[in-house]
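Heavy atoms only: backbone and side chains are in, while hydrogens, waters and symmetry mates are out. Per chain, numbering begins at 1; letters A, B, ... match sequence-line order.
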Amino acid sequence: MVENPKTIGSIAFHLINYGVFAIFTIACVFPFYYIFINTISDNSLSSSGQILLLPQGIHFNNYAEVFRVRGLGSAAFVSISRTAIGTALTLVGTSFLGYAFSRPEYWRRKLWYRFVIVTMYFNAGIIPWFVTMKNLGMVNNFWAYVLPSIVAPFFVVLFKTYVEQIPASLEESAQIDGAGYGTRFFRIVFPLSAPILATIVVFTSVGQWNSFMDTLFLIRDSKLYTLQFLLYQYLNEVNAVAASLRSSPQGQLVDPSRLLTATSIRMTISIVVVLPILCVYPFLQRYFVKGLLLGAVKG
Amino acid sequence: MREGSGLKAAGLRLFGLSLPLLLVVFLFSYLPLYGWIYAFYDYHAGMKLSDTEFVGFRHFTELIDNPVIANEIVRVLRNTFAMSLLGIATSPLPALFAIFLLEVRSRTFRKLVQTLTTLPNFISWILVYAVAWSVFSVGDGFLNRLLLELGWIETEINFLASSDHVWLTMLGYSLWKGLGWGAIIFLAAIASIDHEQYEAATVDGAGRFQKMRHVTIPGILPTFFVLLLLSIANFINSGMEQYFIFQNPLNKDKIEVLDLYVYNQGMVGQSISYATVVSMLKSLVSVALLFVANTLSKAVRKESII
C-alpha cells in the first residue's frame, strides 16, 4: 500500500488502533498468565489475592499435590481416553462416509447423503434426546462419549468435496488391480487427504477434550467424570475439597505456604485442563483456514 | 448392460459398508424424534410409557391457559431474544476487527494479535468460568485486588453474583471468547479482494476510510450476509452451556434462555412431558427460521445456505 503522509490524523489513528488491539490482546492472555503465576506462588499469598503481576515464593508443590485430589487421576484418564478414542472413531467414520458419498455408484446416493446432512439442521430437543440415550443404555456408559460423534456431517461434506478433487485415475488403477473399497480407501484416498484429516483431528480432539454437557446429562458414576466436569464441580465446592486435603493422612506438619488452598486447587486444575489446548491451538487456526480453502464449503 | 449391473452391485456393496455409520446417524439423530411422543403423555422418569396417562394436547394448551406457565415462557423467550439480538447487534464487530487489524503496519504485531486473541475460542465454558472467577471474584480476584490497591474502591464488588446487567455480562463473555476467532473468516475474505481495486482507489485519491467504505466493506459483505442469515436461523438456538455454567440463584430470572429452561424443567424438575413440549416447539420454530433464512438468501444472493 502507498504510504500516507504523516499527518497528525494518521499518527493518532495508528496510536489508537495499536492501543485498542494491545488492550484486547492483553485481556485475552493475561488471565491465563495470572492463573499460572498464582499456581506457582506462595499459597498463603495467592489465596488472599496478593499475587497480581509477578510470582512470589515460587514452588511447584501444587502440581504434585493436586493429583491427590480425589478423582483427578481417573478424570484425566477418562478425558484422555475419550479424546483419543473419540477422535480416532470420528476420523475413520466421517472420512469413510465422505468417501463413500463421493462415489457415484453408491446406492441411492442423493437420498442417503441428504439423510446425513439434514441432521445438521434439526434436533429433537434435549429431553427427547436424553430419554432416547437412556433407552439405548447410554447412561453411565463410556461409549456415550464417543459413539454419537462418529459421523460429523459438516466434515462429511468437507471430506466428500475434497475427495472429488483427487484425480480419479489414481483410484481406477487400483480398481483394475482388483482392490476393494476398503483397500482403495485406506491405501489411496486416506493418505492423499492428509490436510483435511488434520483439520478433522484437531477440531474433533479439542471438542472432545472440552466437552461437558454429555457428562452433565448422562453420567452419574463419578468414575466416568471428565476433567471438565470435575473442574466444574470443584468450582462449586472447592472449599470442602481443600479442607479434606489439609488433613494429610500421616498428620505431618506441612509448610503453610505450600498447603493447598481453595484458590490453589482451583487454579492448578484450570492450568492442567488448559495446557493441552495451549499446545495445539496454534495449529488449529492454521488448519481451519486451510481446511476451509481446500474443502471450499458451500456458501 | 453387464457392466451396469456390476456397478449396481458395487454401489450396494458400498452402501452395505457404510450401513453401520448410517445406523449411528439414525440412532442418535432420528430416533430421538420418536421421543416427541412423551409430549402427549403424563410421563415420569423410570415408568413405562404404557403405564402413563395419555393426555393429548393438554401440555400444549397449558402453555397459554395456565397464567403461571405463560408468564414463565414469556420471561424465558425475552431472555433468549435479548441475547440473540445482542449477538446480532454485535455481529459487525469481527468484521471491524479484521478491517482494522489489517491497518496495523507491523506484521509481527498483527500475527501476535491474531494468534493470541483466538485462544479463548478453544477453551471450554467451564474454563471461561474459572477464568472469570480468578479475575472477578471477591477475596482473591485480580480486579478487586487491583482496584483496592489503586484506591479506586473501598469495598470489594461481587461481580459474579450480581444480578445487574446479566445480558450484557453474558455478551461480554461471548465476545471475549469469540471475537478473535470470528475475525479470521473476514481476514480470509479481505485477502481475497482483488488488490487492483485498492490501487485504483489510491490513484483516485481515496483515503484510509474511503477505501474501507468503498472497497473493503463491499468485498466482505457477502460473507457477512451469510453469517447474519445463519444467526437468524439460530435465533432461538442460544445453546445452554454458557448460561448453565454462569447461572446462580440471583441471576436465574435473567439468564434462563429457552434451552436452559428446558433443562431445568425436564432434568432438574422432572417435568419430562412438559419439557418435551417446549423443546419440540422450539425445534419446529428453529427449522421454520432456517427456511426463512434460506428463502431470504435465495432471494438476495441467488444461492441457498443449506
Worksheet entry | Output field: ring centroids B:Trp125/A:Phe212 closer than 6.0 Å | no
Worksheet entry | Side chain, backbone, both or neither of B:Ser286 within contact of chain A (heavy atoms, under 4.5 Å) | neither
Worksheet item: If you look at every heavy atom in B:Phe122 and A:Asn210, which pair is closest and at what distance?
Response: O-ND2, 2.7 Å
Response to the item:
Note: vs chain B, highest number of non-hydrogen pairs under 4.5 angstrom among A:Pro148, A:Ser46, A:Ser270, A:Ser211 is A:Pro148
Worksheet item: Would you say the side-chain atoms of A:Trp107 pair up with the backbone N or O of B:Leu14, donor to acceptor, closer than 3.5 Å?
Response: no
Response to the item:
So CD1 of A:Ile277 and CG of B:Leu127: to nearest 0.5 Å the spacing works out to 8.0 Å
Worksheet item: Between A:Phe115 and B:Tyr30, is the ring centre distance below 6.0 Å?
Response: yes
Worksheet, complete the sentence: On a heavy-atom basis, the closest approach of A:Leu235 and B:Ile126 is CD1-O, 4.0 Å
Worksheet item: A:Leu231 versus chain B, heavy atoms under 4.5 Å apart: side chain, backbone, both or neither?
Response: both
Worksheet entry | Minimum heavy-atom distance A:Pro128-B:Ser279, with the two atoms named | CD-OG, 3.7 Å
Practice prompt. Write down the atom of A:Trp129, the atom of B:Pro32, and the distance for their closest heavy-atom approach.
Written response: CA-CB, 3.9 Å
Fill in: Close aromatic pair by centroid cut-off 6.0 Å: B:Phe244 and A:Tyr232
yes
Item to complete: Let me know if B:Tyr34 has heavy atoms under 4.5 Å from chain A in its side chain, its backbone, both or neither.
Response: neither
Fill in: Toward chain A, the part of B:Asn144 with a non-hydrogen atom under 4.5 Å
neither
Fill in: Donor-acceptor pair, side chain of B:Trp176 and main chain of A:Ala27, under 3.5 angstrom
yes
Fill in: Interchain contact, B:Tyr38 with chain A, by part (heavy-atom threshold 4.5 Å)
side chain
Worksheet entry | Whether B:Ser283 side chain and A:Asn123 backbone form a donor-acceptor pair below 3.5 Å | yes
Discussion item. So for B:Tyr274, is it side chain, backbone, both, or neither that comes closer than 4.5 Å to the heavy atoms of chain A?
Written reply: neither
Worksheet entry | Structural part of A:Val274 lying under 4.5 Å from a heavy atom of chain B | both
Discussion item. Less than 6.0 angstrom separating the ring centers of A:Phe21 and B:Phe100, yes or no?
Written reply: no
Worksheet item: Between A:Arg108 and B:Phe15, is NZ or CZ placed under 6.0 angstrom from the six-membered ring centre and within 45° of the ring axis?
Response: no
Discussion item. Under a plain distance cut-off of 3.5 Å, with no hydrogens placed, do B:Ser18 and A:Tyr106 share a side-chain donor-acceptor pair?
Written reply: yes
Discussion item. On a heavy-atom basis, which atom in A:Ser10 and which in B:Arg208 lie closest, and how many Å separate them?
Written reply: OG-NH2, 3.6 Å
